[in-house]
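Letters go in sequence order (proteins before strands), and every chain restarts at 1.
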Number of protein chains: 2
Amino acid sequence: MIQLPVQIKIKVNPKVFLKDPESSNLGKDIVEHGIELIAEIGFEAFTFKKLGGRIGSPESSIYRYFENKHKLLLYLTSWYWSWMEYRLYFSLTNINSPQNRLERAVVLLTELIEEDSSFSHVNEVKLNQIVITESPKSYLTKEVDQENNEGIFAGYKQLVARVSDIILEINPDYKYPHMLVSTVIEGAHFQRYFVKHLPRLTDVVKGENSITEFYLEMVSKAIK
Amino acid sequence: MIQLPVQIKIKVNPKVFLKDPESSNLGKDIVEHGIELIAEIGFEAFTFKKLGGRIGSPESSIYRYFENKHKLLLYLTSWYWSWMEYRLYFSLTNINSPQNRLERAVVLLTELIEEDSSFSHVNEVKLNQIVITESPKSYLTKEVDQENNEGIFAGYKQLVARVSDIILEINPDYKYPHMLVSTVIEGAHFQRYFVKHLPRLTDVVKGENSITEFYLEMVSKAIK
DNA sequence: TTAAAATTAATAGTATTACTATTAATTAAA
DNA sequence: TTTAATTAATAGTAATACTATTAATTTTAA
């Protein structure tokens, strides 16, 4: 894993918060313990009241930062995509061959995060678990069009665009680069989930990193 | 589209309902108008009270059929997967070449349902929309393991197994048949959703059936 | 046929959720 | 050092997601 400089601040579209949680200790507590609590009990059972109880603040204080729990989820997923793009940038630095760049990108997009490293109050391992399980719920909603207009999903789209560009470098005639990349990202999340909960929907071999291998192979064949 | 005999009854695991909605008019109304209402306002905003208002019954009567709205969603998705397996069975009858069989299966799994045909009180077009937008919410929950033990996802797993078997007929050494099939099914749903709401995540050409073509190509290359 | 059983409907109620409004206390800025 | 701004705490509300009870209706069975 890449060790990022601690003073880097991941940018998140300000439309998802009322007050920047990075700007106060309470805000950081909301993010840190919000991640923990959502990972523990799931997004459906998660409430600001429970989070308030855990951090010793009334729920009304949390509402000063986030309009509702959906916006907090958008904050977390946006943060994650920014962080991923950051990691991608580092992972591709000084790698010149587009084949190598694509391979590294696919590994980054499909691997499980197992080390909590870079940012003090964000546990990336748990955030990765949340993204796997909860992120579809952040955009499979009736508000998606409005939120998309406000640019809330820009980070995700930008990451997909970056990797698509590598594909087009390798094969400028490939017709479906964005479809392929978004299929890989969402697919890998689902496979990670299926391995744990619905293993008949996947093909896991213990000790092998089947998911990353599957998508590496799939992508390299698809763009030929 | 295949015209199914009307007297066929799609089987759904009885664990998802308290009383079979097929057994009474009220039950059929719950399913019919439940599909309409969820498609209209989305699963989050959907409540039994609103459904009751629409069908002229108190919410308590709906609770006699389904424990809660999550179980109703499980009923609808289970019904959908049974129906898909039924359609698959017909679509593959008398087709002998495994390559043709696989192609027809991928078309069936990835195409948009545009005709409401087979079953009186189930609008398959709207149900397909619900499955696209809401079905991940039916298993990305904390209850998934228990519900999986009860066999609630058996229909989905069986469909994946059927198509995986065709892949293994073509290439017995292919390592990831289930991963490939579940990636195609979930991926096609996501792409259908992205086309409408987050088009930068996909590659749509008007008038072309890009999604089905993409997955047909992807699958045929992947298993070589 | 008619009484018992079963089903369904309707009413009323409760705990929790998802907020909002108001006031008090604390901190920062002029 | 007073004024302004931020934050916390209390209290409340409308809606949600149920449950319990009773009444009405339909079905079945003796």
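With hydrogens and angles ignored, the 3.5 Å screen pairs a side-chain donor or acceptor of A:Ser82 with a backbone N or O of A:Lys11. The closest donor-acceptor contact from the side chain of B:Lys137 to the backbone of A:Leu140 lies under 3.5 Å. Under a 3.5 Å cut-off, the side chain of A:Thr202 and the backbone N or O of A:Phe194 do not form any donor-acceptor pair.
When rounded to the nearest whole Å, the span between CZ of B:Phe66 and P of D:dT19 equals 16 Å.
Annotation: proximity of residues 27-41 of chain A to DNA chain C (heavy atom, distance under 4.0 Å) is found for no residue.
Between the side chains of A:Ser135 and A:Tyr80, no donor-acceptor pair of N or O atoms lies under 3.5 Å. Side-chain polar atoms of A:Thr183 and A:Tyr176 form no donor-acceptor pair below 3.5 angstrom.
Atom NZ of A:Lys71 has more than 12 neighbouring heavy atoms from other residues, nucleotides or ligands inside a 6.0 Å radius. For A:Asn25, the CG atom sits in a loose shell: 12 or fewer heavy atoms of surrounding residues, nucleotides or ligands are nearer than 6.0 Å.
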_Strictly under 4.0 angstrom, non-hydrogen atoms only: write out the protein contact profile of nucleotides 5-18 of chain D, one letter per nucleotide from the 5' end, B, S or -._
-SBBBB-----SSB
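Legend: residues meeting side chain to side chain contact (heavy atoms under 4.5 Å, CB included) with A:His178, ordered by chain and number and at least two apart, are A:Val160, A:Ser164, B:Asp203.
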